[in-house]
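The structure appears below as structure tokens.
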Amino acid sequence: MGFYSLSEILLLTAAAIAIDWIVGDPKWPTHPVIWIGRLIRLLEGKLRAKEQLQGRSPAAIKASGVCLTVLTLLASFGIMWLIIAAADWIHPWLGNAASAWFISTTIAVKGLGQAAMLVYRPLVSGNLADARKYVGYIVGRDTDRLSEEEASRATVETVAENTVDAFVSPILFALIGGAPLAMLYRAANTLDSMVGYRNEKYADFGWCSARTDDVLNYIPARITGLLLSLSALLQRGMSGTRAWRSIRQFARLHPSPNSGIPESAVAGALGIELGGLNYYFGQPSERARMGWPLRKLEAADILHATRLLYLTSILIMAGVLIVWYFVH
């Protein structure tokens with residue numbers, strides 16, 4: 001646990017969840033993810049320039065990508081460890097405050113909910129142009145021709161998938177290793193979002209980053225499936241049983257080993273179908289369809305998915321506090 005006992009790390013993690021619920025993504029000081037992104041771009045430039053990736057074998061390009069992943073993760077963990085150590089050396093209360101704050105910056109329940117609402121509000125007011133614009137902030141697909149149903153689907157899918165990336169995974173890593181390990185996870189996730197693409201530029205160079213993110217999310221994604229099913233069970237008008245059945249039937253159809261679990265869980269819980277035809281840079285891409293279309297997907301499903309996100313965070317907060325009570 002580094003500088004803290006199990007009891008302390010549980011309490012600090014609970015405090016971090018509360019900070020995120022109240023504050024969300026900080027505007028100042030600069031968010032740690034921005035600094036991680038700058039480090040990734042710096043290292044990528046150095047590795048590509050030094051190794052002259054053009055014309056090299058796929059294995060050599062993959063080796064450079066491995067260096068990028070390892071250096072980014074070590075730097076993120078090490079710098080965070082030093083900051084917490086310095087704060088704790090000055091005063092234990094300062095160390096506690098720094099730990100809770102930095103853990104809170106690795107999660108984004110409030111930020112994800114706010115991003116979803118930016119799409120929901122113009123959709124319900126009939127302003128499809130603004131809804132498309134805000135969908136473009138949170139997805140990688142083409143958004144200029146999305147219908148209201150497609151904009152709603154894209155947002156629900158993003159909220160579902162990021163219930164893992166933006167909350168459950170970093171919280172689980174924080175519980176294991178405090179702020180340093182939570183920041184290491186956030187660095188891995190940022191690497192995946194920046195270089196983990198299966199295109200000509202990054203298929204080899206980003207291979208290690210993408211696989212690392214898959215490995216780190218493997219267990220948290222499955223825990224998230226259970227939590228989303230339980231959350232649906234506690235919500236009127238949703239079905240926890242159908243969410244679990246949907247995971248078992250549809251999750252494996254998704255190209256990602258992890259993303260299909262929360263997406264199929266939300267689809268089953270709401271009685272809608274997620275997945276289908278998307279466009280990327282003008283090219284059609286048929287994604288696995290998950291869930292049973294018991295009704296037409298609508299803008300209100302953005303609210304339902306966001307409620308599942310928040311209820312999942314409440315369940316984890318409750319679990320953390322219950323364990324803290326018994327070990328304190």
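Here CD1 of Ile138 is found 8.5 Å from CG of Leu118. Values are rounded to the nearest 0.5 Å. Rounding to the nearest 0.5 Å places OG of Ser229 at 11.5 Å from CZ of Arg245. Between the CG atom of Asn162 and the CD1 atom of Ile107 there is a distance of 13.5 Å, given to the nearest 0.5 Å. With rounding to the nearest 0.5 angstrom, the CG atom of Asp20 is 8.0 Å from the OG atom of Ser313. For the atom pair OG1 (Thr69) and CG (Asp213), the distance works out to 10.5 Å, reported to the nearest 0.5 Å. In this structure, OG in Ser193 is found 9.0 Å from CG in Asp165, a value given to the nearest 0.5 Å.
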- Task: Step by step, work out the salt bridge (charged side-chain N to carboxylate O under 4.0 Å, His left out) result for Lys296 and Glu148.
- Result: CA-CA 11 Å; Lys296 184 178 179 180; Glu148 178 181 335; over 6 Å; no
- Going through the checks in order, is the side chain to side chain contact (heavy atoms under 4.5 Å, CB included) test met by Val109 and Tyr310? CA-CA 7 Å; Val109 173; Tyr310 267 96; 3.6 Å; yes
- Item | Candidate pair Met183 and Ile36, rule side chain to side chain contact (heavy atoms under 4.5 Å, CB included), full reasoning | CA-CA 9 Å; Met183 199 61 70; Ile36 292 171; 4.0 Å; yes
- Asn189 and Ser169: CA distance, side-chain angles, deciding distance, side chain to side chain contact (heavy atoms under 4.5 Å, CB included) verdict: CA-CA 10 Å; Asn189 190 244; Ser169 285; over 6 Å; no
- Message: Quick one, Leu311 with Gln235, criterion side chain to side chain contact (heavy atoms under 4.5 Å, CB included). Give me CA distance, side-chain angles, the key distance, then yes/no.
- Response: CA-CA 9 Å; Leu311 187 50; Gln235 289 266 35; 3.8 Å; yes
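In this structure, Arg153 does not pair ionically with Glu263, as no charged nitrogen and carboxylate oxygen lie closer than 4.0 Å. Ion pairing between Arg295 and Asp301 holds under the 4.0 Å rule for side-chain N and carboxylate O.
Asp142 contributes a side-chain N or O that, together with a main-chain N or O of Gly282, makes up a donor-acceptor pair within less than 3.5 Å. In this structure a side-chain-to-backbone donor-acceptor pair under 3.5 Å is present from Thr105 to Phe102. Judged by distance alone, with hydrogens and angles left aside, the side-chain atoms of Gln283 form no donor-acceptor pair with the main-chain N or O of Tyr280 at under 3.5 Å. Distance alone, capped at 3.5 Å, is enough to place a donor-acceptor pair between the Asn127 side chain and the Asp130 backbone. In terms of modelled atom types and a separation under 3.5 Å, the side chain of Glu150 and the main chain of Ser147 share a donor-acceptor contact. Proximity of a side-chain donor or acceptor of Arg252 to a complementary backbone N or O of Arg248 within less than 3.5 Å is detected. Although no hydrogens or angles enter the test, the distance criterion places a donor-acceptor pair under 3.5 Å between the side chain of Ser125 and the main chain of Pro122. Although no hydrogens or angles enter the test, the distance criterion places a donor-acceptor pair under 3.5 Å between the side chain of Arg132 and the main chain of Leu146. The backbone N or O of Gly268 lies less than 3.5 Å from a partner atom in the side chain of Arg242, making a donor-acceptor pair.
The aromatic rings of Tyr202 and Phe205 are tilted relative to each other, their planes meeting at an angle between 30° and 60°.
The two residues Leu309 and Gly113 have their closest heavy-atom pair at CD2-N, 4.4 Å. Across Pro262 and Thr224, no two heavy atoms sit closer than the pair CB-CG2, 4.4 Å. The two residues Pro220 and Val168 have their closest heavy-atom pair at O-CG1, 3.8 Å. When all heavy atoms are compared, the tightest approach of Ile17 to Ile316 is CD1-CG2, 4.3 Å. Here the shortest heavy-atom pairing between Pro58 and Asp204 reads CB-OD2, 3.6 Å. In terms of heavy-atom proximity, Glu157 sits nearest to Gly275 at OE2-N, 2.7 Å.
Both cation-pi conditions hold for Lys62 and Trp207: the charged atom is under 6.0 angstrom from the six-membered ring centre and inside a 45 degree cone around its axis.
Val119 places a side-chain heavy atom less than 4.5 Å from the side chain of Ile302. At least one side-chain heavy atom of Val156 sits less than 4.5 Å from a side-chain heavy atom of Val266. The side-chain heavy atoms of Ile103 and Phe173, taken from C-beta on, include no pair separated by under 4.5 Å. A heavy-atom distance below 4.5 Å is found between the side chains of Arg41 and Val195. Looking at Leu73 and Leu191, their side chains come closer than 4.5 Å, going by heavy atoms from C-beta outward. Side-chain contact between Ile322 and Tyr325 is absent, with no heavy atoms from C-beta onward closer than 4.5 Å. Under the 4.5 Å side-chain criterion, counting only non-hydrogen atoms from C-beta, Asp25 is not in contact with Lys110. Contact of the Ile84 side chain with the Met80 side chain is registered, since non-hydrogen atoms from C-beta on lie closer than 4.5 Å.
Tracing side-chain contacts under 4.5 Å through hydrophobic residues (I, L, V, M, F, W, Y), one reaches Val327 starting from Leu11; they form part of the same cluster. Connection of Trp101 to Trp81 is established within a shared hydrophobic cluster, with ILVMFWY side chains joined at heavy-atom distances below 4.5 Å, either directly or through further cluster members. By the rule that hydrophobic residues join a cluster once side-chain heavy atoms approach within less than 4.5 Å of another member, Leu68 and Leu216 end up as members of one cluster. Both Trp324 and Met317 are part of a single hydrophobic cluster, where members link through side-chain heavy atoms under 4.5 Å apart. Put simply, Ile247 and Tyr218 are part of two different groups of oily side chains (I, L, V, M, F, W, Y) that touch within less than 4.5 Å, one to the next.
By the 6.0 Å contact criterion, CD on Glu286 is enclosed, its count of non-hydrogen atoms from other residues, nucleotides or ligands being greater than 12. A 6.0 Å sphere centred on CH2 of Trp35 holds no more than 12 heavy atoms belonging to other residues, nucleotides or ligands. For Leu128, the CG atom counts as densely surrounded, since its 6.0 Å shell holds more than 12 non-hydrogen atoms of other residues, nucleotides or ligands.
Side chain to side chain, Asn258 and Arg222 meet the donor-acceptor criterion of an N or O pair below 3.5 Å. Of the N and O atoms on the side chains of His254 and Ser259, not one donor lies less than 3.5 Å from an acceptor on the other residue. Side-chain polar atoms of Thr312 and Thr163 form no donor-acceptor pair below 3.5 angstrom.
For Trp292, the ring-ring contact (aromatic ring centres under 6.0 Å, His included) partners two or more places apart in sequence, or in a different chain, are Phe250.
Leu234 pairs in a side chain to side chain contact (heavy atoms under 4.5 Å, CB included) with only one of the listed residues (Leu308, Ile314, Leu315), which is Leu315. Each of Asn217, Thr106, Thr190, Thr212 was evaluated against Tyr185; a single residue qualifies, Asn217, per the side-chain hydrogen bond (donor to acceptor under 3.5 Å, both in side chains) test.
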